[in-house]
Amino acid sequence: MKLSLGPLLYYWPRQRVLDFYNKAADFDAIDTIYLGETVCSRRHELRPEDWFALAAELGGAGKEVVLSTQALIESESDLKTLRRLIDAENFRIEANDMGAVRLLAEAGRRGWIAGPTLNIFNPVTLALLVDEGASRWVVPPEMAGENIAGLRAGMPVPIETEIFVHGRLPLAYSARCFTARHYNLQKDACEFRCLGDSDGMLLRTREGEAFLTLNGIQTQSAKVHNLLADLPEIAAHAEILRISPQSEHTFEIVTLFRAVLDARLAPEAAFEACRALMPEAPCNGFWHGRAGFEHIPAGTALASAALVSIPAVSAPNPVSSLAPVVAIPRLVRLLPAAVRSRIAQKLRRARFPAFTVPEPLARFNAKLPQLPATLALTTALNLAPEALLPRAVLSPLTGRCVRVRVLDAGFSLDFTLGMNGRFRPCRADVPADLTISAALRDFIALALREEDADTLFFGRRLHMEGDTKLGVLVKNTLNTVDWNSVFAEVSG
């Protein structure tokens, strides 16, 4: 099992970068080093010539060196830099956007690496990239371990797999620079404020809890993704483990991973030792198919479940998450099997067109009592199966009032989760702990996972006020809806 250093995601002064990689060159536990600017083209402490020279030095020290491309190409200048990397035939390339894939294919380059931002989630996509010349893929950090195993089993030929095992999770990229915005600066006149945040800028909620990390145009998790305790399960599903550089203790963390891989240290002991080396608390939810910010301790029912008997993924199901939101009454089970199968097929093919509720109807709705609509919502929530709304995960909502404002429809629906695990309307005198506002079509897109909450939030189409921790819980629950199990219940 090899260990790699992923590309440096933060903006450090030039000498600090050089010192870091000089140390990496002499560090035997590291096998592969990724170099290059992947986040923001305005970061010019090192230019392409500098990365090439550094790559030659590290290659001479016996390291496998890979040049990583930028994840978000925005200008002709970005394309020019990308072409220069592609032309550097002495080094392998990690392609982090499809433009890089196209240029590599046109240049006839083989043996390149499909980066994590290509978002490869099924064997058909991966096989397509292999045909174009990819010989390794880096798993998207959001992918659960069992899905990695299934995808690998569904490949016609084996492919080298690399898993991100330590570092803050890259969650989103934007054309806007949120670090510059924090300082009331324009992106093109940002004064390179990222140089002052060697591990990004941590955001906290009003309650003081770590929420997100801003890193220029990149949004990261606040918690640190750490799979040290999960290494026994990971070993069967990857050839390379990726560690993302941080400003302090990177090499101590690499040492802990190597000690576990060499069976010189128990995974749990290494994980406990690693806690003191991380800038924030650990998380590993994505690996276990849960919300990414969760931490599933080793030895629990979820963490200790062996990743065996995982069915191979024979073909992708790109529309499985685009079914309409429905509650499934038990009466469906009384229908003939052929009828249930046809219903499930229709649900999978269902599409909602874009629409806006007419303004006169919205004004009329606003004058109506909101209780009937709230009762309809809570009834649908209570009828939803566990696969859609896991009550244990939603237990923090117990006794808390959630207000859903459907902006274009004129509705404001207040509900809570009772002690009996059932949803019910809030009393009129209870203030809302969390208010979620969006247009009706955007709520549908979020529920069906046509769009994620971060996209809607940063696009100013989704607004959250109040207890943001509850908001993250609701968002992540929607993002983990298992529509396939719902269809199985309908058709089976």
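- With sequence neighbours excluded, no residue forms a salt bridge (charged side-chain N to carboxylate O under 4.0 Å, His left out) with Asp97.
- For Cys177, the side chain to side chain contact (heavy atoms under 4.5 Å, CB included) partners two or more places apart in sequence, or in a different chain, are Thr179, Ala180, Lys187, Ile217.
- For Gln70, the side chain to side chain contact (heavy atoms under 4.5 Å, CB included) partners two or more places apart in sequence, or in a different chain, are Ser41, Ile73, Asp78.
- Partners of Asp467 according to the salt bridge (charged side-chain N to carboxylate O under 4.0 Å, His left out) rule, which considers only residues two or more places apart in sequence or in another chain, are Arg400.
- Partners of His249 under the ring pair (Phe, Tyr, Trp, His ring centres under 6.0 Å) rule, at least two apart in sequence or in another chain, do not exist in this structure.
- Residue pairs satisfying the ring-ring contact (aromatic ring centres under 6.0 Å, His included) criterion with at least one member in residues 183-227, sequence neighbours excluded, are listed as follows: Phe164-His225.
- Taking Glu106 as the reference, Arg102 meet the salt bridge (charged side-chain N to carboxylate O under 4.0 Å, His left out) condition, with sequence neighbours excluded.
- With sequence neighbours excluded, the residues forming a side chain to side chain contact (heavy atoms under 4.5 Å, CB included) with Cys274 are His166, Asn226, Leu228, Ile253, Leu256, Met278, listed by chain and number.
- Across all non-hydrogen atoms, the minimal contact from Ala270 to Leu265 is CB-CD2, 3.6 Å.
- By the side chain to side chain donor-acceptor pair (under 3.5 Å) test, Tyr11 is found to be paired with no residue, residues two or more places apart in sequence or in another chain being considered.
- For residues 16-54, the pairs satisfying ring-ring contact (aromatic ring centres under 6.0 Å, His included) are Trp12-Phe20, Phe20-Phe251, Phe27-Phe251, with sequence neighbours left out.
- Taking the salt bridge (charged side-chain N to carboxylate O under 4.0 Å, His left out) definition, one finds that Glu191 meets it with Arg193, sequence neighbours left out.
- A donor-acceptor pair shorter than 3.5 Å cannot be found between the side chains of Arg403 and Thr435.
- Classification of Glu94 and Arg242 as a salt-bridged pair holds, one side-chain N sitting under 4.0 Å from a carboxylate O.
- Residues satisfying the side chain to side chain contact (heavy atoms under 4.5 Å, CB included) test with Ser77, not counting sequence neighbours, are Ser75.
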